[in-house]
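Please read all numbers here as calculations on a predicted model, not as lab measurements. Every chain is numbered from 1, with letters handed out A, B, ... down the list of sequences.
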Amino acid sequence: MSITRKWAAKQQRALEILIRLQRLYPDATCTLNYETPVQLLVATILSAQCTDERVNKVTPALFARFPDAPAIASADIQDLESLVRSTGFYRNKAKNIQGACRAIVEKFGGKVPKRMEELLELPGVARKTANVVLAHAYGIHQGVTVDTHVKRLSYRLGLTEETDPIRVERDLIRLLPQPDWENWSIRLIYHGRSICMARNPNCSSCALADLCPSASEPQRHS
DNA sequence: ATCCCGAGGG
DNA sequence: CCCTCTGGAT
């Protein structure tokens, strides 16, 4: 079989997986709680190596005291640290959300920028965070959100051989139709949390098993 | 002991 | 490429 035929087959399988995920999780949305683009940006920065559930426990108090970019920009850094402490990496995260908000106030007129290259200038923001904010705050599908779940499941599903999230994203961009990029990520994250977990893929209860090359070889983890 | 919607620095 | 940052849950 030619390279292009193999690729077309992989693309077709990706589409079938997507259709099935949409049937499995028809109402999947972003599980971070927020009211504004700035709040989504802050919540997403806080979500690094932390569950969304944990983030949602600290953001109500955080946003009650510091609801917008100017407030976070001028906050006492130690107040920010204690408010975000339980999400882990709290010194970095406090510094980054304040640095990002200061840049938003000083360079971007108080608004979260809509361009990828501008978002990437913000401290604590790389492609994963930028993709989440663009997709959910603005409906802009600039790239595919590749977090730990999307990376692990895309690999297990045989849709990428890469482990670097940037390269995984490049593969997914070529495999999936642009309007579905965030649908893909959101639903893989749901599936990764509930079924295809890091330490146990639970293949026997997985609705994607017949489309998954790893289901028949239980050793294929990571 | 390992993982969670990562990012930055060396 | 590696390492570090950090707390909470399992």
Side-chain angles (χ1 to χ4, degrees), chain A residues 21 25 27-34 37 39-62 77-78 80-104 112 116-138 141-157 160 162-170 172 176 180-202 221-222:
Chain A
L21 285 170
Y25 311 109
D27 301 318
T29 53
C30 179
T31 52
L32 293 169
N33 297 334
Y34 63 96
Q39 292 187 357
L40 176 59
L41 175 68
V42 169
T44 308
I45 291 174
L46 295 179
S47 74
Q49 293 298 298
C50 174
T51 59
D52 285 13
E53 190 182 356
R54 171 60 50 188
V55 174
N56 288 335
K57 285 182 178 171
V58 311
T59 45
L62 177 64
I77 190 68
Q78 293 185 52
L80 292 178
E81 287 182 359
S82 65
L83 283 164
V84 306
R85 185 177 181 279
S86 70
T87 66
F89 300 159
Y90 65 92
R91 280 184 285 264
N92 283 338
K93 287 177 179 177
K95 181 160 33 114
N96 286 337
I97 64 177
Q98 181 161 69
C101 285
R102 285 179 175 168
I104 285 167
V112 178
M116 174 64 77
E117 57 176 297
E118 292 176 332
L119 279 167
L120 296 180
E121 292 177 23
L122 303 176
V125 178
R127 284 198 65 93
K128 183 259 164 180
T129 300
N131 279 326
V132 168
V133 171
L134 286 174
H136 295 284
Y138 296 135
H141 303 290
Q142 175 77 28
V144 181
T145 300
V146 178
D147 75 324
T148 182
H149 296 295
V150 175
K151 172 178 140 177
R152 182 181 70 252
L153 270 65
S154 298
Y155 180 81
R156 285 179 178 169
L157 285 163
T160 183
E162 305 289 348
T163 54
D164 171 26
I166 300 296
R167 296 184 187 182
V168 174
E169 183 184 0
R170 193 187 51 191
L172 293 176
L176 300 165
D180 291 311
W181 285 351
E182 199 56 27
N183 291 334
W184 175 266
S185 297
I186 280 290
R187 288 174 174 80
L188 272 199
I189 290 164
Y190 264 71
H191 197 63
R193 284 201 293 237
S194 56
I195 306 288
C196 189
M197 304 164 86
R199 277 174 279 194
N200 183 2
N202 291 301
H221 290 280
S222 119

Using the test side chain to side chain donor-acceptor pair (under 3.5 Å), find all partners of A:Glu117 that sit at least two apart in sequence or belong to another chain. A:Arg115
Whole-Å distance, A:Leu153 CG to B:dC4 C1', equals 14 Å
Between B:dG10 and C:dT6, how many Å separate the two P atoms, rounded to a whole number? 15 Å
Rounded to whole angstrom units, what separation is found between the NE2 atom of A:His191 and the C1' atom of B:dC4? 18 Å
C1' atom, C:dC1 versus B:dC4: distance in rounded Å? 24 Å
Using side chain to side chain donor-acceptor pair (under 3.5 Å) as the criterion, list what pairs up with A:Asn131, not counting sequence neighbours. A:Glu169
Residues at least two apart in sequence or cross-chain that pass side-chain contact (heavy atoms from CB on, under 4.5 Å) with A:Ala135, listed by chain then number, are A:His141, A:Glu182
Return the value, rounded to whole Å, for the distance between atom NZ of A:Lys128 and atom C1' of B:dG6. 7 Å
Send over the distance from A:Asp164 CG to B:dA7 P, rounded to a whole Å. 12 Å
Residues which pass side-chain contact (heavy atoms from CB on, under 4.5 Å) with A:Arg85, listed by chain and number, not counting sequence neighbours: A:Tyr90
Quickly work out the A:Leu32 CG to B:dG6 C1' distance and round it to whole Å. 13 Å
Please enumerate all residues that pass salt bridge (Lys or Arg N to Asp or Glu O under 4.0 Å) together with A:Glu81, with sequence neighbours excluded. none
Which part of the nucleic acid does A:Thr129 contact within heavy-atom distance under 4.0 Å: base, sugar-phosphate only, or nothing? sugar-phosphate
If you draw the axis of the six-membered ring of A:Phe89, does the NZ or CZ of A:Arg91 fall within 45° of it and under 6.0 Å from the ring centre? no
Could you identify which residues of residues 130-138 of chain A place a heavy atom less than 4.0 Å from some atom of DNA chain B, listed by residue number, or say none? A:Val132
Do any N or O atoms of the protein come closer than 3.5 Å to N or O atoms of nucleotides 8-10 of chain B, and which pairs are they?
unit_1 : atom_1 : unit_2   : atom_2 : d
B:dG8  : OP1    : A:Gly124 : N      : 2.7

In whole Å, what is the span from the CG atom of A:Asn56 to the P atom of B:dC5? 11 Å
Measure CG/A:Asp52 against C1'/B:dC4 and give the value in whole Å, please. 9 Å
On a whole-Å scale, what distance lies between the P atoms belonging to B:dC5 and C:dC3? 24 Å
Those residues at least two apart in sequence (or on a different chain) that pass side-chain contact (heavy atoms from CB on, under 4.5 Å) with A:Ala130 are A:Met116, A:Leu119, A:Leu120, A:Val125
Where at least one partner belongs to residues 39-58 of chain A, residue pairs that pass side chain to side chain donor-acceptor pair (under 3.5 Å), sequence neighbours excluded: A:Thr31-A:Asp52, A:Ser47-A:Lys128
Nearest non-hydrogen partners of A:Val58 and A:Ser86, listed with the distance: CG1-OG, 3.2 Å
Contact string for nucleotides 2-10 of chain C, one letter per nucleotide 5' to 3', B = base within protein heavy-atom range under 4.0 Å, S = sugar-phosphate only, - = neither, reads ---BBBSS-
Could you check A:Leu157, A:Leu21, A:Ile186 and say which one makes a side chain to side chain contact (heavy atoms under 4.5 Å, CB included) with A:His191? A:Leu21
Apply side chain to side chain donor-acceptor pair (under 3.5 Å) to A:Asp180 and list each qualifying residue two or more places apart in sequence or on a separate chain. A:Asn183
In whole angstroms, how far is the P atom of B:dC5 from the CG atom of A:Leu41? 18 Å
With a 4.5 Å cut-off on side-chain heavy atoms, are A:Pro201 and A:Arg156 touching? yes
